[in-house]
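So the structure is just underneath, and the comments pick up after that.
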Amino acid sequence: MNNAGVSEIDLFTHISDEKATEIMQINLMGAMNCARAALPSMINHKSGCIINISSMWGQVGASCEVDYSASKAGLIGFTKALAKEVAPSGIRVNCVAPGFIMTEMNKRFSDEDLELIRADIPLGIFGQPRHVADSVAFLASTQAEYITGQVLAVNGGMVI
């Protein structure tokens, strides 16, 4: 499972080249490098499962998080392309695209901001890390043995 993410909330034109490169290196290239390292053994054993953690912003884009959105969209494209490439070797590649999950990354929001965000979530609750973990566990299980190249949205209905 590839689960790394950094973001910088600001206007696209205010993000430095260094920060943009860092976001791409961690969010996209980190997952690609891990998969590249793990695949030879998986291919040799003719089995395996790679699960990438993207974001709902990788599906629809977010204003003031353009670089983050682009990196997570790239992860979705990577997931789909790699799934096609390694499926003949018995390897599945899928992606989970979380919405607003109560993690360290989101603790910077004020109570007022959190209530505004909650109002945008149709289920009316914040996602918890266990919601993502349960999705990953499902995709890694034999219950998902016929699923590859897919994006599972775990976002309380924010992106449908």
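Just so you know, these numbers come straight off a predicted model, no measurement behind them.
Between the side chains of Ser41 and Asn44, not a single donor N or O lies within less than 3.5 Å of an accepting N or O.
The same ILVMFWY cluster, assembled from side-chain heavy atoms under 4.5 Å apart, contains both Leu114 and Met56. A single hydrophobic cluster is not seen to contain both Ile15 and Ile26; linkage of ILVMFWY side chains at heavy-atom distances under 4.5 Å, directly or through other members, places them apart. Connection of Val60 to Met158 is established within a shared hydrophobic cluster, with ILVMFWY side chains joined at heavy-atom distances below 4.5 Å, either directly or through further cluster members. Grouping the Ile, Leu, Val, Met, Phe, Trp and Tyr side chains by contacts below 4.5 angstrom, directly or via other members, places Val6 apart from Met24. A chain of hydrophobic side-chain contacts below 4.5 Å, direct or via other Ile, Leu, Val, Met, Phe, Trp or Tyr residues, connects Phe100 to Val159.
Taking CE from Met1 and CG from Leu139, the interatomic distance works out to 11.5 Å, rounded to the nearest 0.5 Å. Annotation: the span from Ile76 atom CD1 to Gln150 atom CD amounts to 11.5 Å, rounded to 0.5 Å. Taking CD1 from Ile117 and OG from Ser110, the interatomic distance works out to 8.0 Å, rounded to the nearest 0.5 Å. Between the CG atom of Asn94 and the OG atom of Ser54 there is a distance of 12.5 Å, given to the nearest 0.5 Å. Atoms CG and CZ, on Asp113 and Arg108 in that order, are 10.5 Å from each other to the nearest 0.5 Å.
Nearest heavy atoms, Pro122 versus Gly157: CG-O, 3.3 Å. Nearest heavy atom pair, residue Asn27 against residue Gly5, reads OD1-CA, 3.1 Å. Nearest heavy atom pair, residue Val151 against residue Ala97, reads CG1-CB, 3.7 Å. For the pair Ala153 and Asn155, the tightest heavy-atom approach, listed with the atom from each and the gap, is CB-ND2, 3.5 Å. Heavy atoms only, all atoms of each residue included: Ser69 and Ala62 are closest at OG-N, 3.0 Å. Taking both residues in full, the closest heavy atoms of Cys49 and Ala140 are given as SG-CA, 3.9 Å, listed atom of the first, atom of the second, then distance.
Here Tyr146 sits alone; no ILVMFWY side chain lies under 4.5 Å from its own, so it joins no hydrophobic cluster. As a member of the Ile/Leu/Val/Met/Phe/Trp/Tyr network built from side-chain separations under 4.5 Å, Ile91 groups with Leu28, Met29, Met32, Leu39, Met42, Ile43, Ile50, Leu75, Phe78, Leu82, Val86, Val93.
With hydrogens and angles disregarded, a donor-acceptor distance shorter than 3.5 Å links the side chain of Lys72 to the backbone of Ile53. No donor-acceptor distance shorter than 3.5 angstrom exists from the side chain of Ser47 to the backbone of Gly90, with no hydrogens or angles considered. Side-chain N or O atoms of Thr142 include none that pairs as donor or acceptor with a backbone N or O of Glu145 at under 3.5 Å. Distance alone, capped at 3.5 Å, places no donor-acceptor pair between the Arg92 side chain and the Ile51 backbone. Of the possible donor and acceptor atoms, one in the side chain of Asn106 sits under 3.5 Å from a partner among the backbone N and O of Ile101.
Counted within 6.0 Å of CD on Glu115, heavy atoms from surrounding residues, nucleotides or ligands total more than 12; the atom is thus considered enclosed. Under a cut-off of 6.0 angstrom, the local environment of CZ in Arg36 is sparse, with at most 12 non-hydrogen atoms contributed by other residues, nucleotides or ligands. Residue Phe109 places its CZ atom among more than 12 non-hydrogen atoms of other residues, nucleotides or ligands, all under 6.0 Å distant.
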Name the atoms and distances for all side-chain donor-acceptor pairs under 3.5 Å in residues 125-133, with sequence neighbours left out.
| from | atom 1 | to | atom 2 | distance (Å) |
| --- | --- | --- | --- | --- |
| His131 | ND1 | Gln128 | N | 2.8 |

